[in-house]
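Any value given below was found using the heavy atoms of this structure, including those in side chains, with hydrogens, waters and symmetry copies removed. Residue numbers begin at 1 in each chain, while the letters A, B, ... track the order of the sequences.
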Amino acid sequence: MIFGLMRNLVISLLAMAVLYVVISIYSRSVRRERLEKDADVKIAEGTLAESARDGFIEDGMAAYEASPRRKLIALVFLIPFVVIGLVTYLTNFY
Amino acid sequence: MVYVKWTFRVVVLVLVAAFLHYTLPQRDIVRIVGTENRRVDFGENSWFWAAPDAGNATTSERDVFIIQTVYPNGNTMEFRNEDTGWGWPPYFKLDTHSLQTEMADLVSTAEEPKWVAIKHYGWRNNFYTIFPNAVGVRAVAGPDVRLIPWTNIAILTALAALLLFAWRVWVQFRERTIDPLMDDVEVATDEARDRARGVWGRFAGWLGTWRGKPRK
């Protein structure tokens, strides 16, 4: 029984690891796209020099990598524990 | 080709719908008329039986609790009552024995009916002798109460959100990774074509002159 639960948790954690990687890459990509668009708008307005475009984007990405928002993605690893706990409680003890 | 595509889509859709219909919980309002256990030797239908009680050994035959019920319209339905343990489907049901006691407590007669809502998943099928697995039971006021399937609403919403997310990820990936790559490929093939025209184009042009075509 404990073995079954363990196997279940290992499989869900593997699935969550995949989800974590996908969300990280996606979120980074969306962030970079937004920075590129911001940079282009600023260049059009004249508030950013054309040559500073790459620097602006890299600075923005560095700020994103260090932000707490980025670390929130790790919360996906909590999902299996919460769901298994909740469903077990509701099915058997509620 | 169009038929193949649509047949494929319909088959996938039907399989997904059948899978969800089998796995998601449903509630039936019934009157319990009896509870018993039967020894079952699993055969071709072993797919449609769950796990032995959590902690017990896995064998090819065992006793299974059965709950016999009658719908308000007089039709009958039999439920099995088995642990799912930590396996599939993920109900994590371990309380088979207490559930059986609750069911036995709610047995009633046609003259003095006690209506109950039995939460279950699975199908009843006579050709395979398979039974839906009861997961929970509670007494309800009468045979006509309206039950809102909150669990299904939540699960299907979560599934839809996951699908939407997968689609967004795919679009983003295509836009940012595949399309730029394809542009590179296009540029490369254009260059290759120009280079090929160098040798082949001159040769073809020369052949053309034999048929009176002017060189380009």
Side-chain angles (χ1 to χ4, degrees), chain A residues 1-40 54 57-58 60-61 64 69-70 72-73 75-94, chain B residues 23-25 50-58 81-102 118-121 133-138 150-151 154-155 158-159 161-180:
Chain A
M1 178 207 139
I2 293 302
F3 173 71
L5 179 58
M6 281 303 165
R7 189 181 51 189
N8 220 308
L9 277 176
V10 168
I11 293 173
S12 351
L13 284 178
L14 282 179
M16 291 306 125
V18 172
L19 191 64
Y20 175 79
V21 171
V22 169
I23 295 177
S24 304
I25 294 173
Y26 170 73
S27 169
R28 203 173 286 138
S29 171
V30 167
R31 184 57 56 133
R32 183 176 284 275
E33 188 174 344
R34 193 183 302 157
L35 283 167
E36 283 171 13
K37 282 178 181 154
D38 282 358
D40 291 342
D54 287 353
I57 291 167
E58 292 316 318
M61 288 310 291
Y64 166 69
R69 249 184 103 93
R70 147 128 189 72
L72 282 181
I73 300 175
L75 284 180
V76 295
F77 285 105
L78 272 183
I79 295 174
F81 295 100
V82 172
V83 169
I84 292 179
L86 187 71
V87 173
T88 309
Y89 173 73
L90 288 179
T91 306
N92 301 296
F93 306 107
Y94 179 62
Chain B
T23 314
L24 289 180
D53 297 345
N56 286 3
T58 310
N81 179 14
E82 282 186 294
D83 272 3
T84 62
W86 303 107
W88 193 263
Y91 285 88
F92 310 123
K93 181 186 166 198
L94 313 161
D95 66 339
T96 288
H97 290 258
S98 7
L99 186 62
Q100 193 70 6
T101 312
E102 285 175 51
I118 294 187
K119 187 185 233 182
H120 66 89
Y121 72 90
N133 191 3
V135 193
V137 65
R138 80 188 160 82
W150 291 115
T151 320
I155 293 173
L159 272 182
L162 201 64
L163 271 181
L164 189 72
F165 173 71
W167 179 72
R168 283 301 313 159
V169 168
W170 167 244
V171 167
Q172 183 77 6
F173 178 66
R174 202 176 55 192
E175 193 183 295
R176 306 281 299 178
T177 309
I178 301 185
D179 285 356

**Prompt:** With a 4.5 Å heavy-atom cut-off, do B:Leu94 and B:Trp86 have their side chains touching?
**Reply:**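 Yes, at least one pair of side-chain atoms sits under 4.5 Å.
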
Side chain, backbone, both or neither: which part of [X] has a non-hydrogen atom closer than 4.5 Å to chain B?
| X | value |
| --- | --- |
| A:Ile84 | both |
| A:Asn8 | side chain |
| A:Arg7 | neither |
| A:Leu90 | neither |

**Request:** Scan side-chain atoms only and decide if B:Asn133 and B:Glu82 contain a donor-acceptor pair under the 3.5 Å cut-off.
**Result:**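 Their side chains do not contain a donor-acceptor pair, so the 3.5 Å distance test is not met.
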
**Asked** Do A:Ser27 and A:Tyr64 have side-chain N/O donor and acceptor atoms under 3.5 Å apart?
**Response**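 A:Ser27 vs A:Tyr64: donor-acceptor pair found between side chains.
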
**Request:** Look up atom NZ in B:Lys119 and atom OG1 in B:Thr151, then write down how far apart they are to the nearest 0.5 Å.
**Result:**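 OG1 of B:Thr151 is found 3.5 Å from NZ of B:Lys119.
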
**Item:** Partner chain A: residue of B:Leu99, B:Val169, B:Thr96 with the largest heavy-atom pair count (under 4.5 Å)
**Value:**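 Most pairs with chain A among the choices: B:Val169.
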
**Prompt:** Given a strict heavy-atom distance threshold of 4.5 Å, which part of B:Phe165 is in contact with chain A: side chain, backbone, both, or neither?
**Reply:**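 Only the side chain of B:Phe165 comes within 4.5 Å of chain A.
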
**Request:** Mind listing the closest non-hydrogen atom pair of B:Phe92 and A:Asn92 along with its distance?
**Result:**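 Nearest pair, atom of B:Phe92 first, then A:Asn92: O-ND2, 2.8 Å.
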
